[in-house]
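I have placed the structure first, in the form of structure tokens, so that the comments after it can refer back to it.
Not measured: the values here are computed from a predicted model. Numbers here are sequence positions counted from 1.
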Amino acid sequence: QPSSRSASAASSAWLIEIGMAAPRSIMSSAYRKSPPPRGRDNQRYVWEGLQSGVFQVFSSDHAPYRFDDPEGKKKHGQNPPFKKVANGVPGIAARLPLLFSGGVSEGRLTLNQFVALSATNHARLYGLYPRKGTIAVGSDADIALWDPTKEMKITVDLLHDAMDYTPYEGRVVKGWPVKVLSRGEIVAEDGKVSYKPLSAQEITQINDLVREAMGFNKERGVDFKLPE
């Protein structure tokens, strides 16, 4: 659990945006998740938390399930009881465009706040700063380039998350990532992904780096604290 001193909080796009595609009866299970979607009144307080720094990271545990899949939302049949519906929705691919559009484009957040909520604070929290979370000499050059004026309509075919639906189908956002670099190399550009999957050895090396940076200890767990 995050320490009381870190004052960190996860606030997914579902907490701050409502423009999901309206659930039809046959699709109702597609929208089951925790926490549930918030109304406008609650969303206002979440935005205030993001603006004031009460929420220091914008993230989620992200537990998606495909809808039309025997191992997904329909694992227990076409009309399963509530307790048998897989709990979770896809959202990782649309999360930052929703934050940029609702935050920066609509004047709720500055660009600096967006960068802090989406990158810098995460790196600080996990002990990876300044190797990650900043553009500086000696850092890893993990960079996302955004076109702040680009408008995009979110559709399931546009995303790269291996899901068969998105709760934001048809929603138009302003501000979109047009190029992504990993350690200085282009891995995505204009909607096309060009990276090669990591090897098992590379994944192990990354896991070891993160565990070391976080001061992982099997007995006491992890002490999450955002450095000053």
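Asn87 contributes a side-chain N or O that, together with a main-chain N or O of Lys33, makes up a donor-acceptor pair within less than 3.5 Å. With Gln113 contributing its side chain and Gln51 its backbone, the two residues share a donor-acceptor pair below 3.5 Å. One N or O on the side chain of Glu169 and one on the backbone of Val156 form a donor-acceptor pair closer than 3.5 Å.
In this structure, the side chains of Pro148 and Ser105 stay at 4.5 Å or more apart for every pair of heavy atoms. Side-chain contact check for Leu181 versus Asp142: every heavy-atom pair is 4.5 Å or farther apart. Residues Leu109 and Leu99 form a side-chain contact, since some pair of their non-hydrogen atoms from C-beta on lies under 4.5 Å apart.
The two residues Leu96 and Phe58 have their closest heavy-atom pair at CD2-CD2, 4.3 Å. Of all the heavy atoms in Ser194 and Ala188, the pair that sits closest is OG-N, 4.1 Å.
Under the salt bridge (Lys or Arg N to Asp or Glu O under 4.0 Å) criterion, Asp164 pairs with no residue, sequence neighbours left out. Listed by chain and residue number, His76, Lys84, Val85 satisfy the side chain to side chain contact (heavy atoms under 4.5 Å, CB included) test with Pro80 (two or more places apart in sequence, or in another chain). Every side-chain hydrogen bond (donor to acceptor under 3.5 Å, both in side chains) that Asp147 has, sequence neighbours left out, goes to Thr149. Among residues two or more places apart in sequence or in another chain, the ring pair (Phe, Tyr, Trp, His ring centres under 6.0 Å) test is passed with Phe100 by Phe114, Trp146. Residues that satisfy the side-chain hydrogen bond (donor to acceptor under 3.5 Å, both in side chains) test with Asp41, not counting sequence neighbours, are absent from this structure. Partners of Ala86 under the side chain to side chain contact (heavy atoms under 4.5 Å, CB included) rule, at least two apart in sequence or in another chain, are Tyr65, Lys73. Residues satisfying the side-chain hydrogen bond (donor to acceptor under 3.5 Å, both in side chains) test with Asp140, not counting sequence neighbours, are Arg131, Lys132. The side chain to side chain contact (heavy atoms under 4.5 Å, CB included) test applied to Ala136 returns Thr134, Ser139, not counting sequence neighbours.
Geometrically, Arg32 engages Phe82 in a cation-pi contact defined by less than 6.0 Å to the ring centre and at most 45° from the axis.
In this structure, the separation between CG on Leu125 and OG1 on Thr120 is 12.5 Å, given to the nearest 0.5 Å. Distance OG/Ser101 to CH2/Trp176: 10.0 Å, rounded to 0.5 Å. With rounding to the nearest 0.5 Å, the separation of OG1 in Thr166 from CD1 in Ile92 is 12.5 Å.
Pairs passing the side chain to side chain donor-acceptor pair (under 3.5 Å) check and including a residue from residues 150-161, sequence neighbours excluded, do not occur. Each salt bridge (charged side-chain N to carboxylate O under 4.0 Å, His left out) pair with one or both residues in residues 184-195, not counting sequence neighbours, appears once here: Lys179-Glu189.
Between Lys74 and Asp69 there is no salt bridge, since no side-chain N of the basic residue sits under 4.0 Å from a carboxylate O of the acidic one.
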